[in-house]
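All ligand and atom numbering here is 1-based and tracks the order in the structure. None of the values given here were measured: they were computed from a predicted structure. As a basis for the values below, the full set of heavy atoms in this structure was taken, side chains included, without hydrogen atoms, waters or symmetry mates.
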Amino acid sequence: MPSRTLTDNADTAASSSSGRSQQISGANLYITMIAAVAAMGGLLFGFDTGVIAGAMLYIVPDLHLGPGGQGLVVSAVTFGALFGALAGGTSADAIGRRWTNIAAGLSFIIGSILSALAPNLEVLIASRIIIGAAIGLTSVAAPMYIAELAPRRQRGRLVSLFQLAVTLGILVSYLVDRALAPTQAWRWMLGLAFVPGTLLVLGMIPLPESPRWLMKSGAEDEARRVLALLRSPAQVEADMREIRDDLTHNQHSDWRELLMPGIRPALLIGIGLAVFQQVTGINTIIYYAPEIFQKAGFDKGTTALAATIGIGVVNVLSTLIAMWLVDRLGRKPLLLAGLGGMTASLATLGVAQRFGSTLGIEPRSLAPITVGFIGLYIVCFAFSMGPIVWLMISEIFPNQSRARASAISTSANWMANFLVSLSFPVLQAAMGPSLWFLYAAMGLGAIMFVIGYVPETKGKSLEEISLQWRVQPAVLPARS
Ligand code: BGC
C-alpha cells in the first residue's frame, strides 16, 4: 500500500534549510519550464484550429474552391486529430511521451510548410490532415507528459498551462488573420505555425523522459535520475515505490483490457468529460463568433471581429483563474461552478434571443446582451471545462493504461468536436435561438455527470488516484 502521508516539493520547501529550498525552487523552475515547453503543442493546437476561418476568405478565390472543397479544408484538421489522438496512445507507449511530443512538433512543421506552399486543393487537404494528426498527438501527449513529471500539489496548475497555450494560440490566430487580411496573405497565415513548431521540437530535445514511462519500460535507474531532478531525495524513493506498486497491480497492456472492471469506470469518466466539453457548445462560439455577433445585430466585419478578439482575450485571462484555483479549491468545485455559469448563460441567451420581443427587450439591446452572456459563458468555460477536462484525462488512469485510455478519451473529444461544429449551422437554421437551450440541457447533463461520477483528484499522486479503480480480490469464504 503506498504511503498516504507523503509530501512533495511544495510541502518540503517550507521546512527546509536555505540551501535545500534553493535547490527546491530550482526544481520548481525546472518543472515549470518543462511544462511550458510541452504546452507549446497547445499553442499550435489553438493556432491551427483558429487560423483557418480568416484564411479561408482568401484561399477560396485563390484555389477556386467550391462549397465541398471548403468543407473538406476546414474539417480535415478535426479528422486528422481524431486519428492522431489514437496514434498518440500507441506511440506514447511505444516510443515514450517525450518522443511523441517531438513527433507532434515535427508533424506541425511539415504540415505548416506544406500548407503554406500548397499548389492545389489536394495538397492543402493533405497538409491540414497532417496538422490535425499533430494536434491529436499533442492533445494526448502534452498533458500526460506534464502530469507524469509534475509534483502532485502543482499538477493542476502545470497541466493547465496546456489549455492556457491553447487559448493563446486561438487569440494569436485571430490577430494574425486580422493583421494579414489587407495583403490577403493566407500562405503566411498558415505557414507561421512553423515557428512554434520548431521551438517545440528544439525545446523538447534536451528535456527528460517521463519517469512513469521509464518505470513502465523497466528503466528504473533512469527514472530515479529524472525524479531526482524534480523531487527531494526522500520523495524520489517514495514515488518510485508508489509507481512500482501501481504497475504491478494494473497490468492492462491491451486496448481491449481497457474495458475490464479495474479501468472501465475511469475510461467512462474520461470519455464523458471529453464529450461534455464539446457538446456544451464551446466551439460554436470559438469557430462561429463573428457570425453569431452579426446575427445579433453587430455591423458586418470590423465590430463583429473586434468582439471576437475580445472573446479570445477573455478566454486567455479566465484560464488564469483556473491555474490559480485548481490546486487550491480542487477540480470538482471549479467544474461545477463553471458548468453552472455556462448553463445559466446559455439559457439566458436563449430566452433573450427567442422571447426578447415578448419580454420587451429592444432589438438594439440584443447585441450587447449577446456579447455579455457569450463573454460570461467563455469566462466560465475557461476556468472549468477548458483546462480541467485535459487535466483530468491526464490524471485519472493507472500508469499502465494511461496512454491508451487518454487516447480514446481524446479522440472522443475530437469526434464530438467534429459533430458539434458540423451540425451547428444546420441546427441553427432549423432551431434558431432555441439551439442555445439544447446546449444548456447538455450543461445540466454535465453537472449531473460531474456530481455523480467524477472524483476529486486535487493533491493526490497519480497512483493514489488510480487506487480507487483497483478491484479488490473477492473475500474467500472461511474454511470450515
Ligand atoms: C477545447 C477546444 C476549444 C478550446 C477553447 C479546448 O479545451 O478542447 O475544443 O476550442 O478549449 O479554448
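- Aromatic pair Phe449/Phe276: ring centres closer than 6.0 Å.
- When each of Val140, Ile393, Leu258 is checked for a side-chain contact (heavy atoms from CB on, under 4.5 Å) with Ile408, only Leu258 meets the rule.
- Closest protein heavy atom to atom 5 (C) of ligand 1: Ile170 CD1, 3.7 Å.
- Remark: ligand 1 and Asn315 share an N or O pair separated by less than 3.5 Å (distance only, no angle test).
- At a cut-off of 3.5 Å, with distance as the only test, a side-chain donor of Thr100 or Ser91 sits close to an acceptor on the other residue.
- Of all atoms in ligand 1, numbered sequentially from 1 with element shown, those under 4.0 Å from a heavy atom of Asn417 are 9 (O).
- Interface atoms of ligand 1 facing Thr167, defined by a heavy-atom separation under 4.0 Å, are 12 (O).
- What sits closest to atom 11 (O) of ligand 1 on the protein, heavy atoms only, is Gln163 NE2, 3.1 Å.
- Residue contacts with ligand 1 for Met385 are absent, since no atom lies close enough (heavy atoms, distance under 4.0 Å).
- Inclusion of Trp390 in the set of residues having an N or O under 3.5 Å from an N or O of ligand 1 is warranted.
- Between Arg402 and Glu395 there is no salt bridge, since none of the side-chain N atoms of the basic residue sits less than 4.0 Å from a carboxylate O of the acidic one.
- Looking only at protein heavy atoms, the nearest one to atom 8 (O) of ligand 1 is Gln277 OE1, 2.9 Å.
- With ring centers used as reference points, Phe373 lies 6.0 Å or more from Tyr377.
- Ion pairing between Asp327 and Lys458 fails under the 4.0 Å rule for side-chain N and carboxylate O.
- Remark: minimum distance from atom 10 (O) of ligand 1 to any protein heavy atom is reached at Asn283 OD1, 2.6 Å.
- Ring-plane geometry between Phe45 and Trp414 is classed as tilted, the angle between the planes lying from 30 to 60 degrees on a 0 to 90 degree scale.
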